[in-house]
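Let me begin by presenting the structure, written as C-alpha cells, before commenting on it.
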Amino acid sequence: VGPKDRAYNDPAQASRPFSLDRKGMVLAEGAGALVLAADEAVAAHGLTPRAEILGVGWTSDAFHFTQPNADTIVRAIHEAIDDAALTPDDIQYVNAHGTSTPKGDKTEIDCLRKVFGARLASLPVSSNKSQIGHSLGAAAAIEAALAIEGMRNDLILPTLNYIPDPALG
C-alpha cells in the first residue's frame, strides 16, 4: 500500500468489496443488536415489529478462517429460501457479506451465481462493509439492521468505492 493505492490519501476508500482493486478486510468498530420475538410476545408487550424473519439457513462448519466453504454457503442460502417457502426468483435483493478480500468476495459471488444463476447479473447485491468496514461479531446485526431499514424505506444502500472486477463477472 502506498501512494498508488487510492486509499492512501483517502481512507474512506479503503473498504471496497467486490472491487477490482480490493486489498482486504478493513477492521471497524461497532455494535448492533436485534431483538427477536415470537408473534405472541410481540402482541403481549404491544411491540411494533420492524421486520419478520421468514426463513433461516445456518452455516458453521469452521472450514477455514478466511476461505469459506462454498458448498456450505450455497446449502445455507437454499435452506433459508426453502424455509421461507420462497424460490430464488422471489429474492429481490442480496445484502452481501462482501469482506473486500479476494478469496472471500470471489467465493461469495460464485455461491450467489450457483443459487441465482444468470439472474444474478440483474439482481441488486450490495455490501454495507464498503461504508462501515468489518466489525467482526457485530457485522451481522449491524448489516441486518441496515438492510431492514433499507427495505422499510425502499432503499438499497450502495457498495461504495466499487470498480467492477471482470473476474467476478
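Residue indices begin at 1 and follow the sequence shown. Being a predicted model, the structure only gives us computed values, none of them experimental.
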### Query
Going through the checks in order, is the side chain to side chain contact (heavy atoms under 4.5 Å, CB included) test met by His97 and Lys129?
CA-CA 8 Å; His97 192 61; Lys129 286 181 184 71; 3.3 Å; yes
### Query
Going by distance alone, is a donor N or O of one side chain under 3.5 Å from an acceptor N or O of the other, for Asp89 and Thr87?
no
### Check ion pair Arg75-Asp82 (N to O, under 4.0 angstrom)
no
### Query
Going hydrophobic residue to hydrophobic residue with side-chain gaps under 4.5 angstrom, can you get from Trp58 over to Ile53?
yes
### salt bridge (Lys or Arg N to Asp or Glu O under 4.0 Å) assessment of Asp5 paired with Arg16
CA-CA 12 Å; Asp5 185 276; Arg16 40 194 188 244; 2.7 Å; yes
### Task
Sort out for me which residue in Val125, Leu123, Ile73 forms a side-chain contact (heavy atoms from CB on, under 4.5 Å) with Leu112.
Val125
### Task
Could you please spell out the steps behind the side chain to side chain contact (heavy atoms under 4.5 Å, CB included) verdict for Asn69 and Thr107?
CA-CA 8 Å; Asn69 182 344; Thr107 299; over 6 Å; no
### Message
Is it true that, when you exclude Ile163 itself, more than 12 heavy atoms of the residues, nucleotides or ligands shown sit nearer than 6.0 Å to its CD1?
### Response
yes
#### Entry: Remaining members of hydrophobic cluster (4.5 Å side-chain criterion), Leu155
Ile132, Ile142, Leu146, Leu157
### Task
Please check if Leu86 and Met151 belong to a single hydrophobic cluster, counting links between Ile, Leu, Val, Met, Phe, Trp and Tyr side chain heavy atoms closer than 4.5 Å.
no
### Message
Please determine whether a side-chain nitrogen of the Lys or Arg among Arg22 and Asp165 lies less than 4.0 Å from a carboxylate oxygen of the Asp or Glu.
### Response
yes
## Note on the structure
Joining Ile, Leu, Val, Met, Phe, Trp and Tyr whenever any side-chain heavy atoms lie under 4.5 Å apart, the cluster holding Ile156 also takes in Tyr93
### Query
Do you know the tightest heavy-atom contact between Ser126 and Thr159?
CA-OG1, 3.1 Å
### Task
Before accepting this row, confirm whether a basic side-chain N of the pair Asp110/Lys106 lies closer than 4.0 Å to the acidic partner's carboxylate O.
yes
### Task
Establish whether Phe18 and Met25 are linked, either directly or via other cluster members, by ILVMFWY side-chain heavy-atom contacts under 4.5 Å.
no
### Query
Side-chain heavy atoms under 4.5 angstrom apart, residues restricted to Ile, Leu, Val, Met, Phe, Trp, Tyr: same cluster for Leu160 and Tyr162?
no
